[in-house]
Amino acid sequence: MFQGFFKSLRNKCLLGLSLLGLSTSVFATSGQVLQSSDFVGITFWLISMALVASTAFFFLERDRVAGKWKTSLTVSGLVTLVAAVHYFYMRDVWVATGSTPTVYRYIDWLITVPLLMIEFYLILSAITKVSTGVFWRLLIGTLVMLVGGYVGEAGYADVTTAFIVGMAGWFYILYEIFAGEAGKISANKAPATVQKAFNTMRLIVTIGWAIYPLGYYFGYLTGADPASSMASLNIIYNLADVLNKIAFGVIIWSVAVSESK
Ligand SMILES: *C/C=C(C)/C=C/C=C(C)/C=C/C1=C(C)CCCC1(C)C
């Protein structure tokens with residue numbers, strides 16, 4: 001009885017914490033309000049709210065799954081929580097100034113992308129012993145990809161060279177999850193449901209993540225005028241986040257639920 005009480009108390013604390021984090025950033029910048037013609041701004045709003053709802057969902061659903069899956073759901077909830085808070089800031093920057101919130105975007109990625117990489121590690125660890133090398137190699141690929149993108153977008157390096165460096169980091173991640181140790185573990189040791197989840201997650205990292213370099217391309221490499229390039233960049237990045245943060249978490253959730261029965 002006490003156990004149940006503490007469990008639900010802990011869940012409420014988790015939720016409370018996430019909402020606190022969100023409420024402090026709602027009025028990060030004030031002054032401008034969202035215009036009905038600002039479609040990029042509308043996507044920032046929609047996604048902020050979807051991220052808040054997903055966070056509550058992942059944290060509450062922890063109770064439904066077996067112990068070894070709980071960490072995976074916690075990490076999914078952290079990804080959407082961290083992103084939700086950044087979305088509040090990014091949305092305000094966009095609505096108030098019409099400029100691209102590059103620095104908030106990359107701080108968000110710097111935290112959420114490694115968390116997503118941890119998910120690969122966790123999902124495999126839930127079924128077998130995995131060397132930590134898998135995790136470190138995925139992390140190195142991530143850092144090369146993001147540092148490359150940031151120095152290009154923030155104007156510290158030539159946009160094309162920086163793009164190539166970022167692409168190299170991403171290809172390295174793909175190599176690791178398809179042909180490297182992580183891929184082999186999944187193919188040889190994982191039960192069918194986990195393999196299916198691993199394959200879908202892999203597909204997301206291939207196809208879902210490919211949307212980001214497309215955003216970069218339309219933002220910086222087409223030579224279109226800055227206003228329309230920045231609108232494309234932000235819309236593309238925003239839509240990519242729905243798939244790669246929320247849908248990714250939902251896939252993990254569905255395996256966790258079915259493997260817990
Ligand atoms: C939740 C946020 C996620 C999953 C962000 C992912 C970001 C990328 C996959 C970015 C990739 C890029 C390249 C592959 C080339 C250089 C430009 C980047 C950083 C946009």
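When a ligand or atom number is given, it counts from 1 through the structure's own listing order. Residue numbers run from 1 in the order of the sequence given.
Of the charged side-chain nitrogens involved, none lies within less than 4.0 Å of a carboxylate oxygen, so that Arg91 and Asp38 do not count as a salt-bridged pair.
Distances shorter than 4.0 angstrom do not occur between any heavy atom of Gly148 and any atom of ligand 1. Contact annotation: Tyr220 has no heavy atom less than 4.0 Å from any atom of ligand 1. Using a 4.0 Å heavy-atom cutoff, Tyr237 is listed among the residues neighbouring ligand 1.
With a 4.0 Å cut-off on non-hydrogen atoms, Met167 touches ligand 1 through its backbone as well as its side chain. Contact annotation: for Tyr217 versus ligand 1, there are no heavy atoms closer than 4.0 Å. Residue contacts with ligand 1 for Phe248 are absent, since no atom lies close enough (heavy atoms, distance under 4.0 Å). The side chain of Leu116, and not its backbone, has at least one atom closer than 4.0 Å to an atom of ligand 1 (non-hydrogen atoms only; side chain from C-beta on). When non-hydrogen atoms are compared, ligand 1 lies under 4.0 Å from the side chain of Asp241 (C-beta onward) but not from its backbone.
Taking every heavy atom of Trp170 and a limit of under 4.0 angstrom, the matching atoms of ligand 1 come to 14 (C). Under a 4.0 Å criterion applied to the non-hydrogen atoms of Gly166, ligand 1 contributes the atoms 14 (C), 15 (C), 16 (C). Atoms of ligand 1 lying under 4.0 Å from any heavy atom of Val113, numbered from 1 in the order shown and given with element: 2 (C), 3 (C), 4 (C), 5 (C), 6 (C).
Annotation: atom 17 (C) of ligand 1 to nearest protein heavy atom, Tyr216 CD1, 3.6 Å. Atom 3 (C) of ligand 1 has its closest protein heavy atom at Tyr212 OH, 3.3 Å. Distance from atom 19 (C) of ligand 1 to its nearest protein heavy atom, with residue and atom name: Tyr106 OH, 3.5 Å.
Across all non-hydrogen atoms, the minimal contact from Ser260 to Trp69 is OG-CD1, 3.8 Å. A pairwise comparison of heavy atoms in Ser228 and Asp225 identifies OG-OD1, 3.1 Å as the closest pair.
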### Task
Using the salt bridge (charged side-chain N to carboxylate O under 4.0 Å, His left out) rule, take Arg64 and Glu61 through it: C-alpha gap first, then chi angles, then the decisive distance, then the call.
CA-CA 5 Å; Arg64 273 183 70 197; Glu61 289 290 301; 2.7 Å; yes
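Within a 6.0 Å radius of OH in Tyr172, other residues, nucleotides and ligands contribute more than 12 heavy atoms.
In this structure, Glu153 contributes its side chain and Val151 its backbone to no donor-acceptor pair below 3.5 Å.
Using bins of under 30°, 30° to 60° and over 60° for the plane-to-plane angle, the ring pair Tyr121/Phe135 lands in the tilted bin.
The stretch residues 136-161 participates, sequence neighbours left out, in these ring pair (Phe, Tyr, Trp, His ring centres under 6.0 Å) pairs: Tyr106-Tyr150.
Remark: Ile140 CD1 to Glu176 CD distance equals 10.0 Å, nearest 0.5 Å.
Remark: among candidates Met145, Glu153, Lys245, the nearest residue to atom 8 (C) of ligand 1 is Met145, based on non-hydrogen atoms.
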With a cut-off of 3.5 Å and sequence neighbours excluded, list every side-chain donor-acceptor pair involving residues 76-84.
unit_1 : atom_1 : unit_2 : atom_2 : d
Ser76  : OG     : Ser72  : O      : 3.1
Ser76  : OG     : Glu119 : OE2    : 2.8
Thr80  : OG1    : Thr55  : OG1    : 2.9
Thr80  : OG1    : Ser76  : O      : 3.3
Thr80  : OG1    : Gly77  : O      : 3.1

